[in-house]
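All remarks here apply to the structure that follows.
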2 protein chains.
Amino acid sequence: MAISERKKKILAAVVEEYIRTAEPVGSKAIARRGELSCSPATIRNELAELVSLGYLEQPHTSAGRVPTPMGYRMYVNELMEKQKMSLEETEELNRRLNQKLQQLDDTIRDVSRLASQLTDYPALALTTQIAVTVKRFDLIYVDANNFIIVLMLSNNSVKSKLVHLPVSVDQELVKRLAALFNAGFTGMEDEKITPALIHATERAADDSLGLTAVISAFVLETLGEVKTPTAFLSGENRLLNQPEFRDPDKAHRLMSYLSGGGRILPASEALGGSDEVKVLIGPENVAEELKDSSVVIASFDAGDHTRCLIGVVGPTRMDYSAVAAKLSFLAAGLSRRLGGGEAPPEGMHNKLIIKEIDDGHERR
Amino acid sequence: MAISERKKKILAAVVEEYIRTAEPVGSKAIARRGELSCSPATIRNELAELVSLGYLEQPHTSAGRVPTPMGYRMYVNELMEKQKMSLEETEELNRRLNQKLQQLDDTIRDVSRLASQLTDYPALALTTQIAVTVKRFDLIYVDANNFIIVLMLSNNSVKSKLVHLPVSVDQELVKRLAALFNAGFTGMEDEKITPALIHATERAADDSLGLTAVISAFVLETLGEVKTPTAFLSGENRLLNQPEFRDPDKAHRLMSYLSGGGRILPASEALGGSDEVKVLIGPENVAEELKDSSVVIASFDAGDHTRCLIGVVGPTRMDYSAVAAKLSFLAAGLSRRLGGGEAPPEGMHNKLIIKEIDDGHERR
DNA sequence: TGTTGGCACTCTCTTGTTCCGAGTGCTAAT
DNA sequence: ATTAGCACTCGGAACAAGAGAGTGCCAACA
């Protein structure tokens, strides 16, 4: 199914022109670009063939041509020249990436926002933690009615909560519980934390107040929460920039699909995938609502069993080249910063940031 | 400027009918409602007067009448009968409120989502912490290169973070630091934490590793973060349900204004206000972008120096009555759960409160 | 005096028609 | 194989006519 070199050039021209103008592109327009040295008539012939091959279609008999999903696919796979971001863009992005980097869960929202700003399409960011366990327990005795639970998780994040009790506890019990939990619960995935285990702990601690239950509930909840994929959507409104979404109903449909966030997950087969940028064009999407939109997805490793995904949604007439380049860069940057090494990106790093904040007195 | 009883009835009828249908309402339509026992002709006369009084206007000579902002204002202030939510709605809402209640900062997003779902307009939720201090410090020594900072804040929330160090620390230093911070930093507002204080602490602790700096940076950052008003926007897309936003440009303008979240803050004069529901109609809004939309705002106390605000945005032709009722109820529910008492609403407490609300009835 | 029915008038919205231009497909010439 | 020319097609803009909804006003009525 090889097609001639010239057809490829023409196809690429159609795609690019259509991306630019959002209007069906005619033979003349292509000829005018000057890349091909032949007349509109010749191009017409080629166009006709491209149509019958399925790469293009015409909205009606006397209109220009528009790429089909297959045409876009061909373009993305073979024709598109991978864009690089300009130096300024690169720097700008790096600057912004450096600014906010603490723990992933805080960042994820910024990431989606960033991706959306960058590309001017709505963007979705999500993370999945494949497996988490508690690495360490601490219970801090505050006073007779309050204590703090501190969990350090296997991904080096720390979660904590104040527990308020209507009854008094003594410091001894709290200590005992901490020890027991450290002994019995560390390194366990949440499925392994059974009612039986909890019960055993309760007895061992001689806990008549139900603290064990409270604590283990928090543990389960926390592990569950961390493991639950979280999704953030930003810039939905940018959809309205696109002429194909000038129909409010269409826009609304897609937007409400998107704001139901996680449901892009069908596409998260990509989660396990490589670090490449994936493009899903129109009907290639599994979700019905996306059948005539396209999605560009970058996924990367964010350290300790965490997979992170950034997706950008737009019309099939999307600037694949630019978007892919930007996402790819973004993913690479985040991956470098978050993933890889064992050490969380803290410590020294912080110091630098500290200075910034101290001097600049300007937050935000 | 008193207007006759009948005029009021007619005005109310126009507003309600217009809210329902989104179409200019004519004399016949009002007559057909049957509330007034007079002919369309009479109503026409009254309508004409209401127009010249400024409560109504007509899009063009031979169209029905549409309320002006002044008309809406009159309606909201005097005519509107405060709706009550139906029993089912009340129950449903209570159920959902009970489901998720941990700390406010986690909830705030859910609150905006809830408000939006409830009203079918975009909703914005934001919190401001007037003043926060640290109530208690803990440093947990993990190993030579890691320790955990745990802050308990004056609003009873707990924040924690793992600090990773490229150098070794001994347990003694960590203990010393915890004691020093507890002595020197508790109860301080963030402005009071000066570089001088930090420096003094550093010397007192004999800390050559810069831990003091790291810790105090975290403190400042945390306090700053908590104090920074956070806003959450949900359901922007619901705007597209409204016929007045079928123009994508108009919709887009408003949506991007909204997604810049905090900028509703001009309206947050309301933050200090009472617990009443406020309605800002069209030009009453300060923000240029809202000049032809309306905002319904409920604000309430969420405990310890925290003021929380829920706002709903829609066209001026908004179902004020229903929205106000719902927001008011929502605010009351949250206020009861979060605010008031000294004790944080956690642990056992939740359960008790729940019962109370379930059995007892709503207070308007 | 306030209310009512009637009627001419105004203005928008819809539908149908026409016209224009962009772009095609085909054919014949190079 | 490429090109120029030409008739043809089709959508969209522009325009005209008709329908419908609603008004304003006047004259009659309680």
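Given the structure is predicted, the values throughout are model-derived calculations rather than measurements. Sequence lines set the chain letters: A, B, ... in the order given, protein chains first and strands last, and positions in each chain run from 1.
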Going 5' to 3' along DNA chain D, which are the first and last nucleotides with any atom under 4.0 Å from a heavy atom of chain A? D/dT2 to D/dG11
Identify, with sequence neighbours excluded, every residue that meets ring-ring contact (aromatic ring centres under 6.0 Å, His included) alongside B/Y18. none
Base versus backbone protein contacts along nucleotides 23-30 of chain C [heavy-atom cut-off under 4.0 Å; B, S, -]: SBB-----
Could you name each residue pair satisfying side chain to side chain donor-acceptor pair (under 3.5 Å) that touches residues 61-70 of chain B, not counting sequence neighbours? none
Pairing residues for [X] by the side chain to side chain donor-acceptor pair (under 3.5 Å) criterion, not counting sequence neighbours:
X      : value
A/T90  : none
A/R253 : none
A/N45  : none

Considering residues at least two apart in sequence or located in another chain, which fulfil the side-chain contact (heavy atoms from CB on, under 4.5 Å) criterion with B/E35? B/R33
For A/K7, the side-chain contact (heavy atoms from CB on, under 4.5 Å) test, sequence neighbours excluded, returns A/I3, A/S4, A/E46, A/E49, A/L50, A/L53
